[in-house]
Each structure stands twice: as structure tokens, then as C-alpha cells.
Amino acid sequence: MCGIVGILGLEPVAERLVEALKRLEYRGYDSAGVATLEDGGIVRRRAEGKLKNLDARLRAEPLGGTIGIGHTRWATHGAPTERNAHPHATEKVAVVHNGIIENFRDLRRELEAAGHVFLTETDTEIVAHLVTDEMNKGKAPVEAVAAALPRLRGAFALAFLFAGEPDLMIGARRGSPLAIGYGDGEMYVGSDALALAPFTSRITYLEDGDWAIITHRGAEIRDAAGHKVARAQITSSASSFLVDKGNHRHFMAKEIHEQPEVVGHTLAHYLDMANDRVRLPALPFDIASLKHVAMSACGTAFYAGLIGKYWMERFARVPVEIDIASEFRYREAPLAPGGLAVFVSQSGETADTLASLRYAAQHGQHVLGIVNVPTSTIARESHAIMPTLAGPEIGVASTKAFTCQLGVLACLAVAVGRARGTLSEADEQRLVGALVAAPGLMAEALKLEPKIEVLARTLAKDKDVLYLGRGTSYPLALEGALKLKEISYIHAEGYAAGELKHGPIALIDETMPVIVIAPHDRVFEKTASNMQEVAARGGRIILFTDARGAEEAGVKTEATFVLPDMPATITPFAYAVLVQLLAYHTAVVMGTDVDQPRNLAKSVTVE
Ligand code: F6R
């Protein structure tokens, strides 16, 4: 989280820094700032809140200078105030930072003892002082940074600006991503290629531990040991146009509505639709001999993985262990060599997922990344990737990336099942036939939007909501609850329906809305019994089902939403649309900031 950018320009840079920051706002949006050099001296403008506040500040108090750095923040250390906003600076150095400096307290104590005065609660401020301290000892900027970097523990991407140095910027990367952009007589740094797209498509991604000395003529890249290294320059395909909302009020609404198209696009990438076969890209491991799969991801991507586990175990009869990445990375899971480890991530930058990936790679696993950003760190460090073709997802709450992840996971499960002989050719054709129908059924789900809007007006008055589901509807219950809480701030919990009587049933009374996701599948009857238990205690049942389910539910519901009958394999695609729409419209009724909910960021690059 946090987005950083830097420009060594030929023209004034402040406005362009803000333009680039707007493209990084998905990384954090609680405060922002820029620093440039005016007459060799560091000058800054910072503002609490979203970038428009910084924009206004710069209009009132413009900044000159043809070299500068900028930052949009997601607070880790210190409240999101103007004082804690980046860039942090001394008279000699300004710095912007994405990540966490874990040993900042020790360093701060040491620097305070040496007479440095700190003005903020941030971990970042110590970086400016540490480099200043080295410069006070007589070191030039490059040597000062070289001395300071090894003292920092944690994950970071940094960009430095130095007083009196209009032709020097230093960028450094450990953990968090950083790209260098090459222009005509200008140079750039940024958290990703998207930020730099209006300026250049010629990009070099720094590798972990790299740092770069950048002037208007180019960049000299050094590795962690200080040796000069060559890193490839690529042509980025990131679009220079800011994605817009089309006719929708929010990006989230647009992204929900795009799903039939992007899921169709993703499936088309992995399916031979003419022959109802799965067609995976060449993979550097043999899926026929897989004995074990480990999966790891965070949040919504984790729930996609959980549905993938149900499919993989059912179709391919391969045991799948799935973990939340922040747990997997530390639990020292024993992994038999030669297993497959799958990492699911929209951004491809999630710190915990990346750390899990590295653990798996170190323990002899084949590493497969399912990512939406093919230039991301997870994509680059995976042995193979299966991209989701969702297109840029701007709304912080993941929607279309989730259903595209489902598309990829379903194709993978069917392909492994075929390769292992647990699925026959006829099974494959039947399953592919079902998958091909998924986008159309998602479009059917979208038609229920007006009715969902009505329900949202009631739900917006509630304080707590329970979601229940069984089988692949269980992860959807978790996802529905996550979506609702993150954008409407209503407390919601997802449960496996069978768990109801092991505790949560105590919550049921006539005020508690219980959203039951229950297509008429092979576990429907079991879920119907759970609905009876809720009804017997006066709970308010809201049922997402199909015609048969509605008929056989046997309980009085507050509202029933009926989707067409569909093969069990594709219910998660269509029912996901319903839980997304419900969360979206509830948030709209509540008047929250749907696309940028409080305290969240799109790309979670700190653990
Ligand atoms: C919820 C949401 C998050 C992300 C999670 C993982 O709507 O978007 O839970 O799914 O932060 O992010 P990625 O997929 O980028 O690894």
C-alpha cells in the first residue's frame, strides 16, 4: 500500500506528480503530498484526505521545480494527518516510502540520542534522518543512501530527493515494488507502470534488494551488495488513459456489470469452446502426476481459492490445502517436494501472498500464480501464471477479479481431473459446457438488481447480518459477508450452514437477517433444515436460490431471489453477482464511499 512516484523532468513536475498519484490512489488515499526542489531547496505541499485536497492545496500554493517526488498514503504508523503525510524531509533529504520499517523504534532512539528531532509518528521519518546523519558525517548522497539501506529492516520501496541536487534521485526496493521509467531526457520512478503510463511505456522493474541512482540521462542499478547490475527494460502495455466509470455511479457498479464479459473473456482464454475442452497454456510441470496442492491467498482471493479447492478435490481427486497467506507464511507447513503451490491475487503484490509464494518456492514446490496484473511481482516470481483477464479493477472491493479467478480455478480443476483420469472426456465436455453458460447466467443474476435495491433499503437499517451456505456456497457466504462489511460498514459474518447450531444460532432472533445462499444442489436439503432452525427462532430469512429451491425451502422468507436452474459447478459465478449487488446497494443507501471505503487499500503491500 501507499503509492510513490518521482520525476526528473525538463518542465515543472508538481502537476504531473499529482496526475501520477491519481493512478496510484488504489494503493491508499488517506493523505498525500509532493516535494520538489525550488532553487535547490526542498519544498513540500501535503494534505490530509484524498488527492483532491492536495490538488486544491497546490492550486492555492503552487510548487515550482523540475524534479520531485510524490506519495499517496495508507497509514501504518501514525494517524492520517497532514503532519504524518509523506514526503518526510530534513533540510537535506526528502523521502517517500511504501512499506514498513520494522526497526524504526531502535533507529529513532539512536538518532534522537545523536540530536535528531522527529516531528511525526511515522516509521518513514527515520529514513530521512538516517540518510541525513550519514551526509552530516561528510558522505555524498549516493554513499549516504548506500550506508543507510542495509540498516533498514522490513519491506519498502523508497524514493529520495536531495537538496542542491537537481539531477539526482535514488529509488530503492526491498519487498515493495518499484519501477523505473525512461523518457526523452526525463526519468521517472513509480510504484507501478500504470502510474508512469502517461509519461512512458519504457519500464524497468527493480528486483528485490535493488536500488537505483537516477539522473536525467538514465539509471544505474545496483543490487543489495552494491554491485552494478543490468535489469531488462520492457515495454509496458499499461494504458495511459485513466479507466472511467462509463455510465455507472461507481467503479464497483461498473465492475459488477462487466462480469459476464470479462468472465467470458477469461474462460475463452482457457477453453476450446468449439469442442468443449479445456486448453491450458504449457505449464513447466506435469499436472497428471500431482499428488498435492497447496493454495494461499488473502481476502476475496482466498475465498475464490476455497471454491477452487472444492472443485479440485471433486474433479481431480487431489487433496488441496488452503491457507490464508498471512498464516501460511509463518506456520512452517511441511511441503513434499514436487507439489503444486497456487497463489491467487488480483494485484499480484499482496505482501503475505508473495511471502507464501517465496516459502513454497524455497520448499521445492511448482509455483503457479493466478493474477490479474501480469507484470506484478507475484506474476514475475511464479514459475507459471494463469492470468485472469478481468481488466483493471479500480473499486477497492474486489468483484470481477473474484469471478474471473473462479473461471481460472474451474478450468485448472477440470484440466487436472482430465490429466489424472478422474474425469472422462464426456465429463470434461459436460463441465466445459456448463462453464460456457456461466457468463449468461451472471447476466441473468444482474436482472435481479432492481429487487436487490429494494432489499438493500431494509438491510441498510440493520446492524448485523448473517450469511449461510454449504459446499461452494459456503465460501460465497464468507465473500458476501466480507463485501457487505467492507463497503457498508455493517457487521456481517459468513458461516457454513452446518455450523449454525455450533454457536451462531444463539444470535438468531426476530431482528437478525440471515442471508441463505442455497441453489437446489445435492446439499440443498441440509441447508433447508438449517433454514427451518432459523425460522423456528423467528430469524428473518433472505433466500438466494432457484425455482426448485424456492418451492422446496419450506419456510416463510422475508425475500426470495430466484435464479434460473443451472449446473452446480457454475452456481458460484451467478450467486456471487447477487451478494455483490446486495453489498453495493446497501452501501449506496448508507452513503458510504463505495469505491474507496475507509481504512482500506486496493493493493496490500504490507503485512
Ligand atoms: C475484498 C478485497 C480484498 C482482496 C485482498 C487480496 O473485496 O478486495 O480482500 O481480495 O486484499 O488482494 P489481492 O487479490 O490483490 O491479492
Side-chain angles (χ1 to χ4, degrees), residues 1-3 24 26-28 74 176-177 191-192 194 250-253 255-256 259 295-308 322-329 342-357 368-382 385-388 390-406 408-409 467 475-476 478-490 492 494 576-577 579-584 586-587 592-607:
M1 14 257 286
C2 299
L24 289 172
Y26 70 89
R27 296 177 147 262
W74 185 87
S176 310
S191 293
D192 65 21
L194 194 66
H250 297 101
F251 280 109
M252 186 179 177
E255 289 158 5
I256 290 173
Q259 291 180 107
M295 265 202 235
S296 189
C298 300
T300 290
F302 171 76
Y303 299 145
L306 200 49
I307 293 176
I322 175 153
D323 281 77
I324 291 167
S326 53
E327 289 299 315
F328 181 78
R329 65 180 293 186
V342 180
F343 300 91
V344 187
S345 175
Q346 187 285 126
S347 62
E349 301 294 350
T350 303
D352 287 318
T353 311
L354 181 60
S356 301
L357 180 157
L368 175 66
I370 297 179
V371 287
N372 198 40
V373 182
T375 50
S376 59
T377 312
I378 290 178
R380 282 181 281 122
E381 294 198 16
S382 293
I385 63 166
M386 289 178 68
T388 48
E393 193 180 61
I394 309 293
V396 163
S398 188
T399 53
K400 61 177 181 166
F402 173 71
T403 44
C404 287
Q405 286 158 357
L406 294 182
V408 173
L409 287 160
Y467 285 73
L476 267 193
L478 297 171
E479 171 61 2
L482 175 64
K483 274 307 74 107
L484 186 72
K485 69 184 131 192
E486 70 180 323
I487 60 169
S488 74
Y489 317 145
I490 294 174
V577 173
V579 297
Q580 294 165 351
L581 284 173
L582 183 58
Y584 172 73
T586 308
T592 58
D593 190 342
V594 172
D595 284 332
Q596 295 184 329
R598 69 185 181 203
N599 306 339
L600 293 175
K602 185 80 187 148
S603 183
V604 186
T605 55
V606 295
E607 60 173 302

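Counting convention: from 1, in listed order, for ligands and their atoms alike.
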Taking only heavy atoms of Glu486, which atoms of ligand 1 are found under 4.0 Å from at least one of them? 1 (C), 7 (O)
Atom 12 (O) of ligand 1 sits nearest the protein heavy atom Thr350 OG1, 3.5 Å
To the nearest 0.5 angstrom, please state how far the CG atom of Asp352 sits from the CG atom of Leu357. 12.5 Å
Look up atom SG in Cys298 and atom CD1 in Ile324, then write down how far apart they are to the nearest 0.5 Å. 8.0 Å
Among protein heavy atoms, which sits nearest to atom 11 (O) of ligand 1, and what does the distance come to when rounded to 0.1 Å? Val604 CG2, 3.9 Å
Just jot down the ligand 1 atoms closer than 4.0 angstrom to any heavy atom of Val396, in number order. 8 (O)
Looking only at protein heavy atoms, identify the closest one to atom 6 (C) of ligand 1 and say how far it is in Å. Cys298 O, 3.3 Å
So between Ser347, Gly299, Ala297, whose heavy atom ends up nearest atom 15 (O) of ligand 1? Ser347
Among all protein heavy atoms, pick out the one at the shortest distance from atom 14 (O) of ligand 1; state its residue, atom name and that distance to 0.1 Å. Gln346 N, 2.6 Å
Measure the spacing between SG of Cys404 and CD of Glu393 and express it to the nearest 0.5 Å. 8.5 Å
At the 4.0 Å heavy-atom cut-off, does Lys483 count as touching ligand 1? yes
Closest protein heavy atom to atom 10 (O) of ligand 1, given as residue, atom name and distance to 0.1 Å: Thr300 N, 3.1 Å
Can you confirm, on distance only, whether ligand 1 has an N/O atom lying under 3.5 Å from any N/O atom belonging to Ser398? yes
If you measure from each non-hydrogen atom of Asn372 to ligand 1, which part falls under 4.0 Å: side chain, backbone, both or neither? neither
Smallest separation among heavy atoms of Ile487 and Ala397, with atom names: CG2-CB, 3.8 Å
Out of all atoms in ligand 1, which are within 4.0 Å of some heavy atom of Ala301? Include the element for each. 10 (O), 14 (O)
Using side chain to side chain donor-acceptor pair (under 3.5 Å) as the criterion, list what pairs up with Thr375, not counting sequence neighbours. Tyr205
Using the test side chain to side chain donor-acceptor pair (under 3.5 Å), find all partners of Thr403 that sit at least two apart in sequence or belong to another chain. Gln259
Under a 3.5 Å distance rule, please check whether Tyr489 uses its side chain to pair with a backbone N or O of Thr592 as donor and acceptor. no
Heavy-atom pair with the smallest gap, counting every atom of Ala379 and Val373: CB-O, 3.8 Å
Out of all atoms in ligand 1, which are within 4.0 Å of some heavy atom of Ala397? Include the element for each. 7 (O)
Report the C-alpha separation of Thr388 and Asn372 in whole Å, then their side-chain angles, then the decisive distance to 0.1 Å, and conclude whether the side-chain hydrogen bond (donor to acceptor under 3.5 Å, both in side chains) test is met. CA-CA 5 Å; Thr388 48; Asn372 198 40; 3.0 Å; yes
